[in-house]
Amino acid sequence: MEEVKGVVKHILLAKFKDEIPPEKIEELIKGYANLVNLIHPMKAFHWGKDVSIENLHQGFTHVFESTFESTEGIAEYIAHPAHVEFANLFLPSLDKVIVIDYKPTVVRC
């Protein structure tokens, strides 16, 4: 196993409040995705909805993954005014949220 050099993933699992309409969720996701254009340390962004048949999601419906080159980059992202402004719109729409940052490890067979 080998830790990937210079890569840190920022994972956010979310469950939107039941009263948040789908068009508002779509608008929020577009705003989240746009942060990659506004915040230099954010190198990539991916998102998706739960499609698992295992039913182990504990109510979480969406996953958001951002890629950074360092933990310092994540700190810069978190403090960035564009992120702060977006978080103030995004977080009140959530019923549940988990955030995990990690350095990926590649397993070679």
Side-chain angles (χ1 to χ4, degrees):
M1 293 186 284
E2 176 184 339
E3 189 175 278
V4 178
K5 301 281 190 258
V7 174
V8 182
K9 298 287 187 171
H10 176 79
I11 305 295
L12 186 147
L13 300 175
K15 178 191 183 299
F16 288 92
K17 291 179 179 173
D18 292 338
E19 65 269 19
I20 305 298
E23 52 276 358
K24 176 66 175 177
I25 292 172
E26 186 176 328
E27 177 185 317
L28 288 167
I29 292 170
K30 286 180 181 177
Y32 200 158
N34 190 51
L35 292 178
V36 77
N37 298 314
L38 303 174
I39 304 174
H40 180 72
M42 189 177 186
K43 301 302 180 189
F45 176 80
H46 298 90
W47 76 275
K49 289 179 75 172
D50 177 58
V51 296
S52 176
I53 61 172
E54 295 178 291
N55 200 27
L56 297 173
H57 53 75
Q58 299 181 26
F60 291 94
T61 56
H62 292 73
V63 61
F64 302 95
E65 176 191 76
S66 304
T67 303
F68 297 85
E69 291 180 349
S70 66
T71 54
E72 293 81 11
I74 292 175
E76 187 178 334
Y77 158 81
I78 289 169
H80 194 283
H83 174 263
V84 172
E85 181 180 347
F86 175 74
N88 287 332
L89 297 173
F90 187 74
L91 293 176
S93 297
L94 301 181
D95 185 36
K96 297 171 71 170
V97 64
I98 292 176
V99 176
I100 295 175
D101 297 331
Y102 73 98
K103 293 182 177 187
T105 298
V106 176
V107 178
R108 303 190 196 286
C109 297

query: Rounded to the nearest 0.5 Å, how far does CD1 of Ile39 lie from CZ of Phe45?
result: 11.0 Å

message: Main chain of Ser66, side chain of His10: is a donor-acceptor contact present, judged purely on distance under 3.5 Å?
response: no

query: Is the backbone of Lys30 close enough, under 3.5 Å, to the side chain of Asn34 for a donor and an acceptor to pair up by distance?
result: no

- prompt: Transitively linked via ILVMFWY side-chain contacts under 4.5 Å: Leu12 with Trp47?
  reply: yes

- prompt: Out of curiosity, Lys43 NZ to Ser70 OG, how far, rounded to the nearest 0.5 Å?
  reply: 9.0 Å

field: Smallest separation among heavy atoms of Leu94 and Ala14, with atom names
entry: CD2-CB, 3.8 Å

- prompt: Linking I/L/V/M/F/W/Y whenever their side-chain heavy atoms sit closer than 4.5 Å, directly or via other members, would Phe64 and Ile74 fall into one cluster?
  reply: yes

message: With a 4.0 Å cut-off on N to O distance, would you call Glu27 and Lys24 a salt bridge?
response: yes

query: Looking only at heavy atoms, what is the nearest atom pair of His57 and Gly59, with distance?
result: ND1-N, 2.9 Å

- prompt: With a 4.5 Å limit on heavy-atom distance, are the side chains of Tyr102 and Val8 in contact?
  reply: no

- request: Spell out, yes or no, whether Leu91 and Leu38 are grouped together once hydrophobic residues are joined by side-chain heavy atoms under 4.5 Å, including indirect joins.
  value: yes

message: Can you confirm if the NZ or CZ of Lys96 lies within 45° of the ring axis of Phe60 and under 6.0 Å from the centre of its six-membered ring?
response: yes

- prompt: So, do Val7 and Thr67 sit near enough that their side-chain heavy atoms are less than 4.5 Å apart?
  reply: yes

message: To the nearest 0.5 Å, what is the distance between OH on Tyr32 and CD1 on Ile25?
response: 15.0 Å

message: Could you walk me through whether Ile29 and His62 satisfy the side chain to side chain contact (heavy atoms under 4.5 Å, CB included) test, starting with their C-alpha distance in whole Å, then the side-chain angles of each, then the deciding distance to 0.1 Å, before giving a yes or no?
response: CA-CA 10 Å; Ile29 292 170; His62 292 73; 3.9 Å; yes

Leu13 with Ile100, same ILVMFWY side-chain cluster at under 4.5 Å: yes

field: Closest approach of Ala82 to Leu35 (non-hydrogen atoms, all atoms of both residues)
entry: O-CD2, 3.8 Å

message: I'd like to know if the side chain of Lys17 reaches the main chain of Pro92, judged simply by a donor and an acceptor atom lying under 3.5 Å from each other, with no hydrogens or angles considered.
response: yes

message: Quick check: do Val63 and Ile11 have side-chain heavy atoms less than 4.5 Å from each other?
response: yes

field: Single-linkage hydrophobic cluster Phe68~Ile98, side-chain heavy atoms < 4.5 angstrom
entry: no

message: Can you confirm whether Glu85 is buried at CD, in the sense that more than 12 heavy atoms of other residues, nucleotides or ligands lie under 6.0 Å from that atom?
response: no

- prompt: Under a 4.5 Å cut-off applied to non-hydrogen side-chain atoms, are Leu28 and Phe16 in contact?
  reply: yes

Flag if over 12 foreign heavy atoms under 6.0 Å of CD, Gln58: no

message: Just verifying a value: how many Å separate Glu72 CD and Glu76 CD, rounded to the nearest 0.5 Å?
response: 10.0 Å

